[in-house]
Asker: 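Input: one structure, supplied below.
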Amino acid sequence: MVGQSVIVQVGDDGEGQSETPTVQPLPTVVQSASKRWTIEESEELYRITGWGEPYFSINAAGHITVSPRGDRGGSLDLFELVNALKQRNLGLPLLIRFSDILEDRIERLNAAFNKAIARYNYPGLYRGVFPVKCNQQRHLVESLVRFGKPHQFGLEAGSKPELMIALATLDTPGALLICNGYKDREYIETAILAQRLGQTTIIVLEQLEEVALAIEAGHKLGIKPVLGVRAKLNSKGIGRWGGSAGDRAKFGLTIPEILTAVEQLQAANMLDCLQLLHYHIGSQISDISVIKDAISEASQIYVELVNLGANMRYLDVGGGLGVDYDGSKTNFYASKNYNIQNYANDVVAEVKDVCTARKLPVPTLVSESGRAIAAHQSILVFDVLGTSEVSTGVPAPPQEGENLIIHNLYETFQSINEENYQEAYHDAVQFKERAINAFSLGYASLTERAKAERFYWACCQKILAIARRQEYVPDDLEDLEKIMASIYYINLSVFQSAPDSWAIDQLFPIMPIHRLDEEPTCRATLADLTCDSDGKIAHFIDLRDVKSVLELHALKAGEPYYLGMFLNGAYQEIMGNLHNLFGDTNAVHISLTPEGYRINHVVKGDTMREVLGYVQYDAEDLVESIRQQSEHALQEKRITLEESQLLLGNYERSLSGYTYLTA
Ligand SMILES: *Cc1c(COP(=O)(O)O)cnc(C)c1O
């Protein structure tokens, strides 16, 4: 207690008192030093150097710069790009894909393996493949195949529809087409027949039943398939995607099953078809030690398969190469404690050691990195529609005779200082609860309760400002930041555009793309357009762990405020759903040119007509229904002709419009 007792005043319900709230502005929440906020401070705050290098940085104008070729030159101002695209009628939310980043990622991965191969004198090759499931968008897969040509980069299909894409798109001689996932006769036959087209298809057996199917299909077609086995390793990834390995994993063969498969192939005189060992221990492996364990185990299985008589030629280490979403370079789930080079070195060195020790030729190394290739190439840019703040100021001091609780809260507010702020917080909470109790019992009016609550928020704000200046924040005050956060309403559906943020709390770096030379004085969580309380983002990257509020700028009247969500090019697009019928966002493909940039493709987002079609509504029928209702209303003179025309016009125009809010 800060030193006063409380008596609930009974009697005067205060209803008649008119309160003229002379609202005084509070001192700015974040200490606003007299020196100007610098872009370096923004860099540190949003950790852009950690997760953004070498593609994203901040320029002198305080805008985000994209350098799609990394450190090899060429860059553009993201804010200016967004404005230029808006002038071309490409409204927000907008997904911007940078083809050059995709190319750079493929080059980096291949360069890392080639460097490791040279460093360890590995007498074999690296042949990567891109797992189509990570991002199936046609323009992306097509560019990927094109950029991959110099490296004979192939594709991986995890289902029949993905096999359809891969077969029709991959035209790189010698590149691998790895066929994973559940397979039926048609899948296997198609994959085998594709050899006749010049495709290097490798069918990876994931279930014991597939062995018989593959043997049968091979005999029937008179073509020898190239087969692989997916092993269930004992080593497994940890965290979100750790369930992909281990004895009880969904996919792959246990060691006894692998031996059975070998026996079955031998009996069918097809053991020479078995040429690849595959494993996939999960996505986003944060800890290099898990990668090392897996490759040691797999290398041993590989050499054992050679000794059993299989015609082994490939070792496929699957996916799992992580992305440093928070830039912390740690084994935190949103990060990774290694780089691509460390990864390649560990794979190459271990396989070489094991094969050399057994005096066996080394395999061609295959990896199926999806996330590490596709995550960086797209940026989702969206605007803020409005904000809601818990408190806007301090009410006028209470007059004599006003409810005692209000006096108590006012005195608490006045007394808050560096020494007593923690105690004052508990007082404020208690007084506010008493005010609510008094209201429930009929001892305080609505106006009194409102004033009490406003004083309470004013106390919290003052206390928070002090708490932020402290080295150490007492535990009981930690939630204050969350309670006091503003809500920024964003023109986006989290379910459509960042499903993993909603489903598994995945972290993506989010930050303003402009005004980065201004101090962000607000702290906020983000709420999306859906009517779902889960449609929000309240976890943000931080150096340590996760923060629950994001530093943002106060909105300026008449000026848009743009945020970017970065590193979201892997998995998000296809897993996004139509919750509340918010459809695909507009997407553009940009590449750098010597003069600036070029828009390679524009993929317009879904119209309402399209999303309604997904749930079997025919736009014409809908319009017809409105027309009939209007006709009826006209006859009964409930609507004027003009009104009905306006209504129908709006209705029809909406159907062919964007599902998001337009400025
Ligand atoms: C999902 C998947 C991948 C891709 O994993 P990333 O972690 O995105 O690289 C690779 N291989 C298989 C079999 C997969 O299921």
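Whatever order the structure lists ligands and atoms in, that order sets their numbers, starting from 1.
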Asker: Test side-chain hydrogen bond (donor to acceptor under 3.5 Å, both in side chains) on Thr330 and Asn337; report intermediate values, then the result.
Answerer: CA-CA 4 Å; Thr330 60; Asn337 63 3; over 6 Å; no
Asker: Testing the 3.5 Å rule here: is there a donor-acceptor pair between the side chains of Ser493 and Tyr660?
Answerer: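 Per modelled atom types, Ser493 and Tyr660 side chains form no pair under 3.5 Å.
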Asker: Do other residues, nucleotides or ligands put more than 12 heavy atoms under 6.0 Å from Glu186 CD?
Answerer: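 It does not: Glu186 CD has 12 such atoms or fewer within range.
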Asker: Report yes if some heavy atom in the side chain of Pro363 is under 4.5 Å from a heavy atom in the side chain of Cys355; otherwise report no.
Answerer: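 Yes, close enough: below the 4.5 Å cut-off.
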Asker: Just how far is it from atom SG of Cys179 to atom CD of Glu206, taken to the nearest 0.5 Å?
Answerer: 10.5 Å
Asker: For Phe251 together with Tyr182, are the ring centres under 6.0 Å from each other?
Answerer: yes
Asker: Measuring from each atom of ligand 1, which residues have a heavy atom under 4.0 Å away?
Answerer: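 Shell around ligand 1 (4.0 Å, heavy atoms): Pro131, Lys133, Glu156, Asn180, Arg230, His278, His280, Ser283, Gln284, Gly319, Gly320, Glu368, Ser369, Gly370, Arg371, Tyr571.
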